[in-house]
Amino acid sequence: MGLLQTTARRPDPRSTRDVVLDRATRGVGVATAAYAITTLVRPRVLSDPTALGSSTGVAVLVRTVGDRDTTSGLALALTPRGPAQRLALPVRAASDAGDAVVFGLSSLPSAARKKAVGVAALWSAVNVALLLARR
């Protein structure tokens with residue numbers, strides 16, 4: 001084959017919708033993992049806006065959540081399309097929904113509690129929407 005000769009590309013058998021959903025899912029996974037890694041390195045990224053404080057115990061708990069979110073975010077970003085990715089989405093959604101419930105039931109200051117509940121609920125909803133869109 002000569003330098004100027006090109007090979008015909010085979011069309012992607014997946015629909016445009018599937019490609020967009022796959023990229024969106026992976027993007028959510030990358031964003032989740034990136035934020036979570038940030039909280040592992042600097043727990044105050046989460047503890048300050050939520051008014052949790054800055055004790056050693058708070059840092060340990062924030063890092064625990066950061067570890068969970070890093071793992072589930074990477075699962076969304078790196079698993080192959082199909083059953084594994086479909087399992088990772090509800091796991092991620094349930095984690096964020098659980099965070100929203102825990103923050104909502106907390107005795108944190110009202111503004112911080114509302115912010116934390118809103119952010120967690122929004123991320124849970126994004127994951128549920130991606131899951132439902134695949135059906």
Side-chain angles (χ1 to χ4, degrees):
M1 197 181 315
L3 287 175
L4 298 176
Q5 210 172 14
T6 61
T7 58
R9 291 186 182 205
R10 293 184 186 171
D12 191 335
R14 300 180 295 168
S15 71
T16 301
R17 180 175 180 273
D18 289 341
V19 171
V20 168
L21 286 172
D22 183 56
R23 288 182 182 164
T25 300
R26 292 182 191 289
V28 167
V30 168
T32 299
Y35 178 75
I37 290 167
T38 302
T39 67
L40 290 171
V41 174
R42 189 164 177 259
R44 292 187 76 156
V45 168
L46 176 62
S47 64
D48 283 355
T50 54
L52 290 170
S54 59
S55 71
T56 302
V58 167
V60 168
L61 289 174
V62 168
R63 285 184 172 116
T64 300
V65 172
D67 178 58
R68 176 201 72 190
D69 290 354
T70 299
T71 303
S72 61
L74 289 175
L76 284 178
L78 301 175
T79 56
R81 259 182 16 151
Q85 205 176 52
R86 283 193 304 275
L87 177 61
L89 279 166
V91 166
R92 186 67 241 139
S95 295
D96 286 327
D99 292 348
V101 170
V102 169
F103 279 121
L105 296 174
S106 74
S107 60
L108 294 172
S110 180
R113 185 175 62 247
K114 287 177 184 176
K115 183 188 302 184
V117 168
V119 169
L122 175 67
W123 279 106
S124 181
V126 166
N127 285 287
V128 168
L130 286 169
L131 181 65
L132 294 176
R134 292 170 175 275
R135 293 181 179 198

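Everything numeric here is computed off the predicted structure, so don't read it as measured data.
Partners of Asp48 under the salt bridge (charged side-chain N to carboxylate O under 4.0 Å, His left out) rule, at least two apart in sequence or in another chain, are Arg44. Legend: residues meeting salt bridge (charged side-chain N to carboxylate O under 4.0 Å, His left out) with Arg42, ordered by chain and number and at least two apart, are absent. Residues that satisfy the side-chain contact (heavy atoms from CB on, under 4.5 Å) test with Arg23, not counting sequence neighbours, are Val19.
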Determine all donor-acceptor pairs shorter than 3.5 Å in which one atom belongs to a side chain in residues 108-126; sequence neighbours excluded.
{"residue": "Arg113", "atom": "NH1", "partner": "Leu108", "partner atom": "O", "Å": "2.7"}
{"residue": "Ser124", "atom": "OG", "partner": "Ala93", "partner atom": "O", "Å": "2.9"}

Side-chain atoms of residues 59-66: list all donor-acceptor pairs with protein atoms under 3.5 Å, sequence neighbours left out, distances to 0.1 Å.
{"residue": "Arg63", "atom": "NE", "partner": "Leu40", "partner atom": "O", "Å": "2.8"}
{"residue": "Thr64", "atom": "OG1", "partner": "Val60", "partner atom": "O", "Å": "2.9"}

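Atom OG1 of residue Thr39 and atom CG of residue Asp69 lie 7.0 Å apart, to the nearest 0.5 angstrom.
Side-chain heavy-atom separations under 4.5 angstrom define the hydrophobic clusters, and the remaining members of the one that includes Leu74 are Leu78. Under a 4.5 Å side-chain heavy-atom cut-off, the cluster of Ile, Leu, Val, Met, Phe, Trp and Tyr residues that includes Val101 is completed by Leu105. Clustering of Ile, Leu, Val, Met, Phe, Trp and Tyr by side-chain heavy atoms under 4.5 Å joins Val102 with none of the others.
Residue pairs meeting the side-chain hydrogen bond (donor to acceptor under 3.5 Å, both in side chains) criterion with at least one member in residues 51-61: none, sequence neighbours excluded. Every pair passing salt bridge (charged side-chain N to carboxylate O under 4.0 Å, His left out) that includes a residue from residues 25-41 is listed here, sequence neighbours excluded: Asp22-Arg26. Every pair passing salt bridge (charged side-chain N to carboxylate O under 4.0 Å, His left out) that includes a residue from residues 93-110 is listed here, sequence neighbours excluded: Arg68-Asp99, Arg92-Asp96. Under the salt bridge (charged side-chain N to carboxylate O under 4.0 Å, His left out) criterion, no residue pair touches residues 121-135, with sequence neighbours excluded.
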### Task
Would you check, one step at a time, whether the test side chain to side chain contact (heavy atoms under 4.5 Å, CB included) holds for Leu76 with Asn127?
CA-CA 10 Å; Leu76 284 178; Asn127 285 287; 3.5 Å; yes
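Checked options Leu46, Val45, Thr70; the residue passing with Thr38 is Val45 (criterion: side-chain contact (heavy atoms from CB on, under 4.5 Å)).
Under the 4.5 Å side-chain heavy-atom criterion for grouping Ile, Leu, Val, Met, Phe, Trp and Tyr, Val58 is connected to Phe103 within one hydrophobic cluster.
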